[in-house]
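Below you'll find the structure, written out as structure tokens, and then a few comments.
If you're wondering where the values come from, they're calculated on a predicted model, not measured in any experiment. Atoms within each ligand, like the ligands themselves, are counted from 1 in listed order.
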Amino acid sequence: MTGPRAEGLGTRARGGTGVPDLYAVLGHPIAHSKSPRIHAAFARQTGQDLVYEAIDVAPGGFAAAVWHFRARGGVGLNVTLPYKEEAFALAQARSARAEQAGAVNTLGFEAHDRLWGDNTDGAGLVRDLTLNLGVTLRGRRVLLLGAGGAARGVIGPLLGEGAAVVVIANRTITRGEELAETFRGHGPVEACGFADLAGRPFDLVVNATSASLQGEVPPLPAGLLAPGAWCYDMMYADRPTAFVRWGEAQGAAGARDGLGMLVEQAAESFFLWRGVRPDAPAVIAALRAAAL
Ligand code: NAP
């Protein structure tokens with residue numbers, strides 16, 4: 001076994017108590033989170049007896065909310081915006097990939113209330129790209145747009161898959177340079193501004209900016225996509241995002257939004273908590289068909 005479970009992280013499903021195990025996602029805002037539906041579907045698929053809630057945590061209340069959840073008997077948590085860095089600080093044991101990401105999206109309680117933290121976002125992206133979409137990463141030139149928390153969480157996993165280079169292009173160039181410096185020892189990584197990309201073809205372009213939230217695409221030069229290149233937007237929506245539409249217009253072999261990453265990172269959390277791997281592609285298909 002490799003990964004955080006091999007590092008001694010992960011909680012054994014208790015089961016057999018007659019009371020469902022309690023999980024939740026903490027964030028702010030949280031009302032539109034798909035995580036409760038995703039984990040309920042995983043539980044049905046795998047016959048696991050659990051309840052999964054969405055809890056809105058007001059700013060300043062994160063640590064108190066975690067321990068209140070524990071006092072209610074909770075055993076595991078997902079953490080989303082804006083609390084992933086606070087979760088990192090709160091965790092008493094952290095996986096290597098959480099250390100790389102500088103952020104935690106999965107928490108679990110062990111005996112004596114010891115809290116472990118992991119980050120499954122990068123694994124979720126890699127699994128969606130390689131297993132669900134059939135995108136090869138080994139030896140490929142990857143362009144990563146953005147240098148925020150989401151970008152940071154996926155650089156290590158992309159390099160770990162053997163990408164030939166990960167080029168970080170960000171609006172604020174110094175932020176991208178700092179990130180590249182952080183990952184210098186993990187593989188070939190560079191940073192630049194959007195205008196510096198002219199004339200450089202890539203095999204995969206991952207959008208980790210929040211520009212899509214405003215329906216915008218970063219100002220990218222034409223001709224960025226090598227033959228057969230893919231575009232992947234970490235943001236997801238009911239309709240094709242602005243970046244997915246950009247990729248299609250540029251002739252990408254495939255362009256997808258981040259719904260698959262969302263479900264795959266959840267599946268990785270579920271595996272850490274329960275020790276069983278759910279069928280993520282079935283849940284992705286159900287969400288896309290609005291049947292969940
Ligand atoms: P963040 O930390 O706030 O970083 C935002 C990034 O976007 C920064 O690099 C920022 O550049 C850039 N940016 C914002 N507006 C821009 C614009 N108009 N043009 C160009 N660049 C712009 O946000 P984050 O947490 O990294 O999240 C980024 C995206 O990833 C969000 O859409 C989020 O929903 C998505 N996400 C998806 C998943 C999933 O499971 N699918 C998981 C995590 C995140 P500056 O540095 O110059 O400000």
Side-chain angles (χ1 to χ4, degrees), residues 25-30 32-35 37-39 78-88 97-98 100-106 118-129 132-133 143-158 166-180 182 191-197 205-221 224 231-244 246 255-270 280 283-284 287-288:
V25 57
L26 302 185
H28 183 71
I30 203 69
H32 298 295
S33 172
K34 295 185 193 297
S35 294
R37 277 185 284 156
I38 292 170
H39 283 279
N78 281 134
V79 181
T80 188
L81 291 175
Y83 297 121
K84 292 184 186 181
E85 283 81 13
E86 278 191 68
F88 178 89
R97 56 193 188 181
Q100 266 186 12
V104 155
N105 77 337
T106 308
D118 192 8
N119 191 312
T120 65
D121 282 336
L125 173 68
V126 164
R127 287 183 71 88
D128 194 38
L129 283 168
N132 302 338
L133 303 175
L143 172 59
L144 181 61
L145 306 173
R152 185 182 167 126
V154 302
I155 296 169
L158 288 170
V166 174
V167 175
I168 305 163
N170 196 43
R171 182 174 59 182
T172 311
I173 297 177
T174 49
R175 220 174 153 201
E177 287 170 344
E178 283 163 20
L179 206 50
T182 305
C192 65
F194 298 128
D196 305 318
L197 294 167
V205 184
V206 176
N207 181 26
T209 74
S210 42
S212 286
L213 294 172
Q214 290 90 43
E216 293 171 10
V217 175
L220 300 171
L224 275 186
C231 289
Y232 193 97
D233 196 348
M234 284 200 199
M235 202 195 109
Y236 49 87
D238 293 339
R239 294 180 193 164
T241 65
F243 182 71
V244 164
W246 178 87
R256 290 287 190 287
D257 71 15
L259 185 71
M261 174 179 173
L262 176 79
V263 176
E264 288 288 0
Q265 62 79 27
E268 188 78 5
S269 298
F270 192 91
V283 173
I284 296 168
L287 284 170
R288 290 226 189 268

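Identified under the salt bridge (charged side-chain N to carboxylate O under 4.0 Å, His left out) test for residues 78-88, with sequence neighbours left out: Lys84-Asp121.
At least one donor-acceptor pair closer than 3.5 Å links the side chain of Arg152 to the backbone N or O of Ala101. No donor-acceptor distance shorter than 3.5 angstrom exists from the side chain of Thr120 to the backbone of Ala123, with no hydrogens or angles considered. Side chain of Asn119 to backbone of Ala103: a donor-acceptor contact under 3.5 angstrom is found.
A side-chain contact (heavy atoms from CB on, under 4.5 Å) with Leu145 is found for exactly one of Asp233, Val206, Leu220, Asn170, namely Leu220. Just one residue in the list Leu133, Thr241, Asp128, Val244 forms a side-chain contact (heavy atoms from CB on, under 4.5 Å) with Arg256, and that residue is Leu133.
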Pairs under 3.5 angstrom, nitrogen or oxygen on both sides, ligand 1 versus protein: list them out, please.
unit_1, atom_1, unit_2, atom_2, d
ligand 1, 2 (O), Gly149, N, 3.1
ligand 1, 7 (O), Ser210, N, 3.0
ligand 1, 9 (O), Ala147, N, 2.9
ligand 1, 9 (O), Asn170, OD1, 2.7
ligand 1, 11 (O), Asn170, OD1, 3.3
ligand 1, 18 (N), Glu216, OE1, 3.2
ligand 1, 26 (O), Gly149, N, 3.2
ligand 1, 26 (O), Ala150, N, 2.7
ligand 1, 41 (N), Met234, O, 2.9
ligand 1, 41 (N), Gly258, O, 3.1
ligand 1, 46 (O), Asn170, ND2, 2.9
ligand 1, 46 (O), Arg175, NH1, 2.7
ligand 1, 47 (O), Arg171, NE, 3.1
ligand 1, 47 (O), Thr172, N, 3.0
ligand 1, 47 (O), Thr172, OG1, 2.5
ligand 1, 48 (O), Arg171, NH2, 3.0

